[in-house]
**Student:** 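Here it is: the structure, laid out below.
All heavy atoms count here, side chains included; hydrogens, waters and symmetry mates do not. Residue numbers run from 1 in the order of the sequence given. Both ligands and their constituent atoms are indexed starting at 1 by order of listing.
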Amino acid sequence: MQAQIDQYTAEINAFSPANADEVEAFRIKFLGTKGIIKDLFEQFKTVGPEEKRTFGKVLNEFKQLADAKYNELKENIGTSTQSKGNDLDLTLPGDGFAVGSRHPLSLIRNEIIDIFKRLGFVVAEGPEIEDDWHNFSALNFPDEHPARDMQDTFFIKKNNGKDDIALRTHTSSVQVRMMEHGKPPFRAIMPGRVYRNEAISARAHCFFHQVEGLYVDENVSFSDLKQTLYHFVQELYGEGTKVRFRPSYFPFTEPSAEMDISCTICGGAGCNMCKHTGWVEILGCGMVDPNVLENCGIDSKKYTGFAFGMGMERIANLKYVIRDLRLFSENDIRFLKQFQTEML
Ligand code: PHE
């Protein structure tokens with residue numbers, strides 16, 4: 001009997017099935033109701049009393065080995081091979097899967113980039129955490145000047161007791177970086193996220209997105225600015241969209257203007273969107289102040305330039321009529337999936 005058990009033990013240890021059927025055959029052979037173990041226990045009844053102790057132990061260990069092996073095989077191979085071949089139906093229709101959509105701000109950003117690329121503008125980027133110089137001083141905001149209050153700033157760190165490091169309040173900081181590190185001509189747009197310390201509501205948020213633009217070269221004039229932005233608006237909102245410029249103030253441009261377009265919703269007839277004026281404001285712009293050029297090491301006698309900046313949420317709003325700014329950052333799938341687009 002001992003020799004028999006030794007032989008079975010070796011067989012079990014060496015057993016390596018190729019499929020679930022072989023595992024089942026193993027179970028029947030060793031553990032089944034008419035199996036080897038059952039049979040050994042029958043034989044055990046006939047063993048003399050003096051041998052019962054030793055054989056009882058050997059037999060129990062053997063049963064445990066067979067059980068353990070079967071459980072292991074069942075886990076490893078049983079599940080993976082069970083349905084092999086039989087259940088595979090190649091004629092079943094495939095599972096549909098939802099195609100994602102682009103975020104409306106990405107759509108707008110890509111569209112704006114496309115339009116300006118065709119005019120020879122490149123895309124420039126810069127850090128969202130900025131120092132006072134790039135966000136303010138180089139842009140002709142004098143220290144303590146009230147113009148700094150136009151943009152409620154999130155300051156992060158002081159330097160020598162003075163507020164210095166901040167979350168950028170506009171992407172004009174990227175214009176400074178570009179001019180400091182390169183040589184004119186510059187023709188670039190700067191899309192990116194900006195931050196302002198505002199209470200969050202349907203009409204204001206503590207962060208939003210801008211696209212600013214910069215064109216510096218010899219003989220750049222206000223008429224270049226007007227024509228560039230006019231072309232941009234025709235491309236984005238369609239031919240026939242009217243534009244008008246109103247005088248404005250920014251520390252970094254002189255002269256400065258704000259640009260309105262005829263209301264994209266009512267076409268100028270008057271509606272809620274345009275507060276019944278027929279016009280909506282979309283951007284600020286102007287000729288780069290010579291002080292800014294000089295701050296960035298550019299000869300303001302030789303070069304002139306124009307700059308402009310717009311809020312992407314505003315542009316998206318006028319295109320898709322999104323009344324609540326918060327929708328842009330809530331990641332509500334019911335909102336986002338309305339912007340199905342071709343992904344390729
Ligand atoms: N940086 C300005 C803002 O954030 C926008 C602007 C850019 C205005 C360039 C004029 C010229 O409000």
**Student:** Testing Phe245, Phe222, Tyr215 for ring pair (Phe, Tyr, Trp, His ring centres under 6.0 Å) with Phe306, which one passes?
**Tutor:** Tyr215

**Student:** Mark the output for Arg196 as yes if a heavy-atom distance to ligand 1 is under 4.0 Å, and as no if none is.
**Tutor:** yes

**Student:** Pull out every atom of ligand 1 sitting under 4.0 Å from any heavy atom of Phe252, numbered as shown with elements.
**Tutor:** 1 (N), 2 (C), 6 (C), 7 (C), 8 (C), 9 (C), 10 (C), 11 (C)

**Student:** Relative to the heavy atoms of Glu212, which atoms of ligand 1 are at a distance of less than 4.0 Å?
**Tutor:** 1 (N), 2 (C), 4 (O), 5 (C), 7 (C), 9 (C)

**Student:** Taking the side chain from Thr253 and the backbone from Asp289, do they hold a donor-acceptor pair closer than 3.5 Å?
**Tutor:** no

**Student:** Heavy atoms only, cut-off 4.0 Å: how does Cys285 contact ligand 1, side chain, backbone, both, or neither?
**Tutor:** backbone

**Student:** If you count the atoms of ligand 1 from 1 in the order shown, which ones are under 4.0 Å from a heavy atom of Phe308?
**Tutor:** 7 (C), 9 (C), 11 (C)

**Student:** What is the distance from atom CD1 of Ile261 to atom CD1 of Ile315, rounded to the nearest 0.5 Å?
**Tutor:** 7.0 Å

**Student:** Can you measure from CG (Leu293) to OH (Tyr303) and round to the nearest 0.5 angstrom?
**Tutor:** 11.0 Å

**Student:** Going through the checks in order, is the ring pair (Phe, Tyr, Trp, His ring centres under 6.0 Å) test met by Phe252 and His170?
**Tutor:** CA-CA 12 Å; Phe252 35 88; His170 50 188; 5.6 Å; yes

**Student:** What do you reckon, does Gln210 put a non-hydrogen atom under 4.0 Å from ligand 1?
**Tutor:** yes

**Student:** Taking only heavy atoms of Ser172, which atoms of ligand 1 are found under 4.0 Å from at least one of them?
**Tutor:** 1 (N)

**Student:** His170 to ligand 1: N or O pair under 3.5 Å?
**Tutor:** yes

**Student:** Are a donor atom and an acceptor atom from the side chains of Gln64 and Asn60 found within less than 3.5 Å of each other?
**Tutor:** no

